[in-house]
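Worth knowing before you read on, the calculation uses all heavy atoms, side chains too, and leaves out hydrogens, waters and symmetry mates. For ligands, and for the atoms within them, numbers begin at 1 and follow the listed sequence.
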Amino acid sequence: TTAFKIVLIRHGESVWNKENRFTGWTDVELSEQGVKEAHAAGKKLKSGEYTFDIAYTSVLKRAINTLNIVLDELDQSWIQVDKSWRLNERMYGALQGLNKSETAAKYGDDQVLVWRRSYDTPPPPLDETDERYPGKDTRYKGLTKEQLPKSECLKDTVERFLPYWNDTIAPTIQSGKKVLIAAHGNSIRALIKYLDNIADDKIVSMDIPTGIPLVYELDKDLKPIKHYYLASDAELNSAIAAVVNQGKAKPQN
Ligand code: DG2
């Protein structure tokens, strides 16, 4: 039986989602549309009478700002918020900044699918001298060299996310606090892969839409009982199809 309910949300559309660029650890703003999505998500949670005791997010403003908008809609801006690099988007390495569709035209849809969705093939790495290398960003000054990624596959993201889940988030859920997590497409895929124990080859076809709350009901051992998006099937399917199509040389609508 359901003992706990948590809510996950991918941030609203960012300006680089809109321009269809690989983003990763690049700290880009929400687009106007993304701001609207965040407000709509907050309103949905409010009408479902969701309330939270604590929220977790990344150190990237598209997730932080989404969370703030959602909490404002709920009139719960006062709750404790914990930010961690461990909830950051998967580090997209040398692909960061490139257009996804142009990259597919150059390397093929299949290669881009592997880079976007495979479990254990990382994208091409950044060089440490590259301006995009996180070691150059003061917000990551507490990380060891081994923790600073040059690129990550989903497996790497799972591995760096799990200590945060096990040491911080999971015990908080089990203490009875109501938890909201605002994160990213691939950090949420990492969490779901772990929670639902999804096979490595099955995670390839999982895509997370922007700005739609995803509810997970968990038993007392935090095993998922069921999950659902707060959206109609039509809304959900078109939002997911949009994400899938971003990686194609010729997006079809
Ligand atoms: C996107 C996800 O991350 O991209 O890094 O480009 O969730 O922070 O917008 P987000 C990025 P895909 O893996 O879906 O291409």
- Query: Near K44 NZ, under 6.0 Å, is it more than 12 heavy atoms from other residues, nucleotides or ligands?
  - Reply: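 More than 12 heavy atoms, drawn from other residues, nucleotides or ligands, come within 6.0 Å of this atom.
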
- Residue pair P124 / S151, side-chain heavy-atom distance below 4.5 Å: no

- Task: Can you sort out the partners of S238 under side chain to side chain contact (heavy atoms under 4.5 Å, CB included), two or more places apart, ordered by chain and number?
- Result: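 Residues passing side chain to side chain contact (heavy atoms under 4.5 Å, CB included) with S238: none at all.
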
Short N or O contacts of ligand 1 with protein, under 3.5 Å, listed by atom name?
{"unit_1": "ligand 1", "atom_1": "3 (O)", "unit_2": "E89", "atom_2": "OE2", "d": "2.4"}
{"unit_1": "ligand 1", "atom_1": "4 (O)", "unit_2": "K100", "atom_2": "NZ", "d": "2.9"}
{"unit_1": "ligand 1", "atom_1": "5 (O)", "unit_2": "T23", "atom_2": "N", "d": "3.4"}
{"unit_1": "ligand 1", "atom_1": "5 (O)", "unit_2": "G24", "atom_2": "N", "d": "2.7"}
{"unit_1": "ligand 1", "atom_1": "6 (O)", "unit_2": "T23", "atom_2": "N", "d": "2.9"}
{"unit_1": "ligand 1", "atom_1": "6 (O)", "unit_2": "T23", "atom_2": "OG1", "d": "3.4"}
{"unit_1": "ligand 1", "atom_1": "6 (O)", "unit_2": "K100", "atom_2": "NZ", "d": "2.9"}
{"unit_1": "ligand 1", "atom_1": "7 (O)", "unit_2": "R10", "atom_2": "NE", "d": "2.8"}
{"unit_1": "ligand 1", "atom_1": "7 (O)", "unit_2": "R10", "atom_2": "NH2", "d": "3.2"}
{"unit_1": "ligand 1", "atom_1": "7 (O)", "unit_2": "H11", "atom_2": "NE2", "d": "3.1"}
{"unit_1": "ligand 1", "atom_1": "7 (O)", "unit_2": "E89", "atom_2": "OE2", "d": "3.1"}
{"unit_1": "ligand 1", "atom_1": "7 (O)", "unit_2": "G185", "atom_2": "N", "d": "2.7"}
{"unit_1": "ligand 1", "atom_1": "8 (O)", "unit_2": "H11", "atom_2": "NE2", "d": "2.8"}
{"unit_1": "ligand 1", "atom_1": "8 (O)", "unit_2": "R62", "atom_2": "NE", "d": "2.9"}
{"unit_1": "ligand 1", "atom_1": "8 (O)", "unit_2": "R62", "atom_2": "NH2", "d": "2.8"}
{"unit_1": "ligand 1", "atom_1": "8 (O)", "unit_2": "H184", "atom_2": "ND1", "d": "2.9"}
{"unit_1": "ligand 1", "atom_1": "9 (O)", "unit_2": "R10", "atom_2": "NH2", "d": "3.1"}
{"unit_1": "ligand 1", "atom_1": "9 (O)", "unit_2": "H11", "atom_2": "NE2", "d": "3.0"}
{"unit_1": "ligand 1", "atom_1": "9 (O)", "unit_2": "N17", "atom_2": "OD1", "d": "3.4"}
{"unit_1": "ligand 1", "atom_1": "9 (O)", "unit_2": "N17", "atom_2": "ND2", "d": "2.8"}
{"unit_1": "ligand 1", "atom_1": "13 (O)", "unit_2": "Y92", "atom_2": "OH", "d": "2.7"}
{"unit_1": "ligand 1", "atom_1": "13 (O)", "unit_2": "R117", "atom_2": "NH1", "d": "2.9"}
{"unit_1": "ligand 1", "atom_1": "13 (O)", "unit_2": "N186", "atom_2": "ND2", "d": "2.8"}
{"unit_1": "ligand 1", "atom_1": "14 (O)", "unit_2": "R116", "atom_2": "NH2", "d": "3.0"}
{"unit_1": "ligand 1", "atom_1": "14 (O)", "unit_2": "R117", "atom_2": "NH2", "d": "2.7"}
{"unit_1": "ligand 1", "atom_1": "15 (O)", "unit_2": "Y92", "atom_2": "OH", "d": "3.3"}
{"unit_1": "ligand 1", "atom_1": "15 (O)", "unit_2": "K100", "atom_2": "NZ", "d": "2.8"}
{"unit_1": "ligand 1", "atom_1": "15 (O)", "unit_2": "R116", "atom_2": "NE", "d": "2.7"}
{"unit_1": "ligand 1", "atom_1": "15 (O)", "unit_2": "R116", "atom_2": "NH2", "d": "3.2"}

- With sequence neighbours excluded, tell me which residues meet side-chain hydrogen bond (donor to acceptor under 3.5 Å, both in side chains) with S31. E13

- Message: Taking the ring of F22 and the ring of W115, is the distance between their centroids below 6.0 Å?
- Response: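 No.
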
- Item | With sequence neighbours excluded, residues passing ring-ring contact (aromatic ring centres under 6.0 Å, His included) with Y164 |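 With neighbours one apart ignored, the set is Y56.
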
